[in-house]
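The structure appears below as structure tokens.
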Amino acid sequence: MKWKNVSITALLLIIPFVIVWFVQGKNIYTKDKKQVITKTKDEIFGTDTEKIEWVDEFQLGLLPGVDDLSPKLLASVAVPSGILIAVSLFGFFMNYKQKHSSVK
Amino acid sequence: MKFKKIAAIALCAAFFAPQITFSGTPLKIGTQGKKNSTLNNKVGENLIKFLCAAPLEEIKGSSSGVTGSFVLDLDNLEATTGQITVEVKTMTTGLNRRDSHLWGSDWLDGDKYHSITFDIKGLSDIQIIKQDNGMGEIKANAFGTFTMHGQAKQIKSPITLKFVRESEATKKRAEGDFALVQANFKIALKDFNVTGTKGLVGSKVGETIDIDANLYGSTVK
């Protein structure tokens with residue numbers, strides 16, 4: 001029963017990652033800056049003028065924004081979800097093993 | 001008699017031919033001559049945007065490190081020239097790690113090739129959109145040498161150019177006559193020997209880059 005709880009908890013922990021990813025713009029890669037575009041009407045030229053600023057803002061992506069082995073790999077949906085799925089599978093396996101050993 | 005006719009035709013041809021050959025397209029806005037415009041952020045935000053469509057994600061980036069100038073010849077628009085420079089290390093894509101890759105030796109090699117330049121040699125296919133006493137607007141193709149990653153290539157870019165004479169309204173921003181050049185063109189990375197980290201071009205990074213430029217200049221530095 002204990003291992004089954006571990007598995008279910010691990011699977012449930014994936015949900016907040018997916019929600020944050022969805023809310024922050026469904027980015028493929030995790031980003032550390034956000035593009036802020038300010039458009040204004042330019043009366044002299046009769047055009048729309050754009051001003052782009054990059055502000056520091058973390059945006060969770062499906063895949064990590066780094067490609068080396070560093071703790072920053074965890075700042076993504078795929079890597080922690082993969083770990084949690086592995087933990088969950090391990091929990092289900094232990095649960096199965098426990099059940100079968102107690103039957104014997 | 002025949003000789004006189006031939007001589008008269010030859011004389012006319014000699015007189016008109018240079019004028020036909022060398023007369024350029026004028027922009028009649030109440031002022032004449034060459035106008036040297038230097039990019040000036042007080043006139044408007046000088047901005048280069050780039051977009052790289054890749055199968056996984058569109059990479060959007062920009063650079064505000066744009067400098068340069070152009071000489072607009074109002075009597076002969078074809079003779080317009082200029083140089084626009086973008087510092088490689090001012091290009092950003094919203095991901096620090098990706099930016100350092102972009103500036104790195106596998107990509108644009110910003111340490112070795114500090115800037116990307118477009119040397120405008122002239123304008124072609126000029127179409128006057130508007131010309132009055134205070135302002136002129138044209139559409140044209142700007143041709144010249146685009147240099148990136150140490151490789152130079154002749155390119156042609158469609159542009160819209162607006163020229164506004166100094167007025168009370170313009171003086172509130174900056175001195176001089178104003179010019180705005182909007183350009184949009186594509187470049188292929190392989191044309192500039194940008195190969196990238198093995199396997200990334202075509203998968204994570206697109207093979208072509210869309211470039212959008214908004215360049216604001218003033219005739220007074």
Side-chain angles (χ1 to χ4, degrees), chain A residues 14 16-83 85, chain B residues 41 43-51 54-64 90-101 129-130 134-137 160-174 177-182 197 200 204 212-218:
Chain A
I14 295 173
F17 280 96
V18 176
I19 292 171
V20 171
W21 170 73
F22 197 85
V23 169
Q24 290 187 337
K26 293 180 275 179
N27 291 295
I28 300 293
Y29 294 101
T30 297
K31 296 184 173 64
D32 27 41
K33 282 180 201 160
K34 190 182 178 184
Q35 195 181 44
V36 179
I37 302 174
T38 317
K39 279 188 179 178
T40 48
K41 182 86 184 160
D42 190 320
E43 299 295 341
I44 292 174
F45 291 106
T47 53
D48 284 327
T49 309
E50 266 187 0
K51 187 174 181 173
I52 294 183
E53 281 174 302
W54 292 91
V55 292
D56 289 334
E57 189 179 305
F58 177 82
Q59 292 166 276
L60 190 70
L62 267 189
L63 301 170
V66 292
D67 48 13
D68 52 356
L69 286 172
S70 70
K72 282 189 174 178
L73 279 174
L74 292 170
S76 64
V77 177
V79 175
S81 298
I83 294 168
I85 287 168
Chain B
N41 280 325
V43 179
E45 182 81 5
N46 284 294
L47 184 70
I48 303 282
K49 286 193 292 181
F50 52 93
L51 176 75
L56 279 181
E57 189 184 39
E58 273 191 342
I59 300 170
K60 287 177 188 171
S62 68
S63 168
S64 51
T90 63
M91 295 167 73
T92 184
T93 64
L95 187 54
N96 290 338
R97 183 78 185 166
R98 186 162 57 195
D99 293 348
S100 57
H101 283 178
I129 306 295
K130 187 185 173 186
M135 184 195 182
E137 179 180 350
T160 300
L161 189 149
K162 290 183 180 185
F163 190 85
V164 179
R165 289 182 66 191
E166 189 174 44
S167 65
E168 287 309 312
T170 62
K171 277 180 189 170
K172 287 176 188 167
R173 284 193 204 172
D177 299 329
F178 288 178
L180 163 64
V181 178
Q182 293 174 306
T197 315
L200 284 188
K204 275 185 172 177
D212 243 317
N214 271 348
L215 307 168
Y216 293 87
S218 161

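To find a chain, count down the sequence lines: A is the first, B the second, and so on, and within it residues start at 1. Computed over heavy atoms, backbone and side chain alike; hydrogens, waters and symmetry mates excluded.
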Which atoms form the tightest heavy-atom contact between A/Trp54 and B/Ser62, and what is the distance?
-> NE1-OG, 2.9 Å
Contact class of B/Leu180 relative to chain A, heavy atoms under 4.5 angstrom | both
Can you tell which part of B/Thr93 gets under 4.5 Å to a heavy atom of chain A, answering side chain, backbone, both or neither?
-> backbone
So which of A/Ile44, A/Leu63, A/Thr40, A/Ile52 has the largest heavy-atom pair count under 4.5 angstrom toward chain B?
-> A/Ile44
Whatever's closer than 4.5 Å to a heavy atom in chain A on B/Phe163 counts as neither
Would you give the length of the straight line joining atom CZ of B/Arg97 to atom OH of A/Tyr29, rounded to the nearest 0.5 angstrom?
-> 13.5 Å
Going from CD1 on A/Ile28 to CD on B/Glu58, what distance comes out if it is rounded to the nearest 0.5 angstrom?
-> 11.0 Å
Most heavy-atom pairs under 4.5 Å with chain B, out of A/Glu57, A/Lys31, A/Lys34, belong to A/Lys31
So how far is it from A/Gln35 CD to B/Lys49 NZ, rounded to the nearest 0.5 Å?
-> 7.5 Å
Heavy-atom pairs under 4.5 Å with chain A, option from B/Val164, B/Val43, B/Asn96, B/Thr170 with the top count = B/Asn96
From A/Thr47 atom OG1 to B/Glu137 atom CD, the distance as rounded to the nearest 0.5 Å | 9.0 Å
Pick one of side chain, backbone, both or neither for A/Gln59, based on which atoms fall under 4.5 Å of a heavy atom in chain B.
-> neither
Can you tell which part of B/Asn46 gets under 4.5 Å to a heavy atom of chain A, answering side chain, backbone, both or neither?
-> neither
Side chain proximity check, B/Asn214 to A/Thr49, heavy atoms < 4.5 angstrom = no
CZ (A/Phe22) with more than 12 external heavy atoms under 6.0 Å | no
Give, for atom OG1 of B/Thr92 and atom NZ of A/Lys33, the distance between the pair rounded to the nearest 0.5 Å.
-> 3.5 Å
Do NZ/NE/NH1/NH2 and the carboxylate oxygens of B/Arg173 and A/Asp42 come within less than 4.0 Å?
-> yes
